[in-house]
Amino acid sequence: MPPPNLSEKLASIRGVRLANSSSTWDISFDYPPDSPHGIIKSITPHDTHSSSQRTSQPALALPSLTHPHIHLDKAFIHNEPRNAHRLPLTGSFQEALSLTAAAKQDFTLPDLLRRGEWLLAESVSAGVTAMRAFVEVDHTVGLKCVEAAVTLKKQWHNACEMQIVCFAQDPIFSTDYGDENTRLMEQALEKYPQIDVIGTTPYVETSLEAAKKNIDWAVDRALQLDKHLDFHLDYHLDTEKEALMWYVLNTLIQRGWNTHSTRNQVMLGHCTRMTLFTSSEWQKLAQLIHTHDVPVSFVGLPTSDLYMASPPHQPDTQHLARGTLQIPELIRRYGLDGVLGMNNLGNAFTPWGSADPLQLACLGVGVYQAGTRTDTELLYECVSTRARAAIGLAELEQSLMLWEGQEANLVLFCDRDETGCGVSRPRGSVAETVWDPPGRLARDVVFCGRLGISGLAGPRDAMYRFLP
Ligand SMILES: [Zn+2]
């Protein structure tokens with residue numbers, strides 16, 4: 001399973017456009033001993049005298065993309081021929097649970113590696129250079145999903161930085177399997193130092209008391225083992241149910257998890273129950289987080305939420321209500337940290353969507369009514385720089401402008417004919433890449449200063465100069 005071919009190290013990229021700039025620039029790279037993976041050394045106005053005659057529009061160079069929340073082991077179950085009899089018939093949440101549970105019983109290591117490879121190849125070619133990958137640990141799959149993730153993390157380390165989440169999708173403090181599931185989580189955490197994050201799903205526990213125990217356990221173990229923490233939380237639209245958000249925040253505060261005590265981050269996913277919060281509840285939440293400096297980020301998972309997150313007892317299918325976190329509002333109005341994730345692909349929880357994070361930013365234009373240029377830049381950040389910061393791989397940068405000293409991870413949107421008709425429509429701005437994302441063949445991806453060579457991309461393009 002070869003990861004993509006990579007070029008020699010880049011010395012420079014010449015004559016490209018940057019976010020919020022109409023002129024063209026030359027980017028040079030450096031590989032100092034303390035940053036062997038490469039950094040941007042300088043960004044200077046393009047030297048037009050040294051370039052050859054160009055007919056197409058200059059490429060647009062932006063920070064690379066990130067999956068802050070994606071399920072590696074459950075990806076593309078629908079594309080595996082052996083699951084042909086396990087496709088959705090009703091599309092309900094209960095059906096998704098039972099179909100996926102049945103598919104999990106048949107997971108094998110080769111099958112996990114094959115589907116994982118599909119996800120990695122399609123992500124990397126779209127411009128993804130970092131991902132937080134969830135893999136389940138429970139009595140059904142044992143440790144085999146973690147084993148597959150560890151193998152893929154190593155095989156693809158030249159193309160993508162993968163964080164592994166040791167993830168309890170199943171109950172760990174209720175049902176007949178709770179004890180065994182907890183024991184397996186502990187075993188995985190002990191056996192695999194490659195695990196970066198502890199993740200659980202408190203809402204699957206059969207009682208509120210067990211859900212709170214689940215939260216306590218995850219917070220304590222993450223603190224003890226120095227890992228990031230990631231909860232699937234409050235995935236419903238039922239006002240009768242208490243939002244566990246408050247319990248999570250109070251537990252973090254009580255245990256002293258803040259930006260001064262640790263560099264580890266806490267991510268909260270789905271949280272659709274919060275879409276029913278009043279503005280005073282939102283203000284209370286933001287105040288709690290800001291007062292105690294809790295490093296919490298919220299990840300909106302709109303492709304899954306739009307498909308599944310409906311209120312209980314929905315009376316009339318002509319009035320389908322849906323709930324998904326309003327990420328731009330959460331950032332702008334309440335000063336909270338928010339990002340966007342793909343969550344599931346090709347399975348009964350989310351049969352639709354692709355591994356391209358830009359498609360998610362594009363969906364955000366419609367879902368959040370966020371169509372201005374400034375909106376599209378924020379949406380791009382949510383699948384790029386903000387996502388990378390939220391999973392703890394970088395500091396938060398409030399701009400898509402490349403900067404000197406930045407890691408050498410970029411995506412270039414090139415003016416290439418993808419239609420076969422000898423016609424191409426250039427994308428000169430961030431907004432144009434978000435409103436209608438160009439295909440993979442129009443994207444060149446630079447990871448650690450090396451260019452991925454595939455299809456039309458490659459060092460034959462005159463804008464690239466390589467180290468001798
Ligand atoms: Zn998820």
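Both ligands and their constituent atoms are indexed starting at 1 by order of listing.
- Applying the side chain to side chain contact (heavy atoms under 4.5 Å, CB included) test to Leu97 and every residue at least two apart in sequence or in another chain returns Phe93, Gln94, Phe349.
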Side-chain donor-acceptor contacts of residues 191-198 below 3.5 Å, not counting sequence neighbours, with atom names and distances?
residue	atom	partner	partner atom	Å
Asp196	OD2	Lys153	NZ	3.0
Asp196	OD2	Ile164	N	2.8

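- Taking the ring centre of Trp246 as origin, the terminal cationic atom of Lys284 falls inside the region bounded by 6.0 Å and 45° from the ring axis.
- Take Pro351 and apply the side chain to side chain contact (heavy atoms under 4.5 Å, CB included) test, not counting sequence neighbours, and it matches His78, Tyr307.
- Around the Zn ion (ligand 1), protein atoms of type N, O or S found under 2.8 Å number 4.
- Judged purely by distance below 3.5 Å, without hydrogens or angles, the side chains of Glu377 and Thr374 never pair a donor atom with an acceptor atom.
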Item checked: Step-by-step side chain to side chain donor-acceptor pair (under 3.5 Å) determination, His232 to His69 -> CA-CA 10 Å; His232 284 62; His69 182 128; 3.2 Å; yes
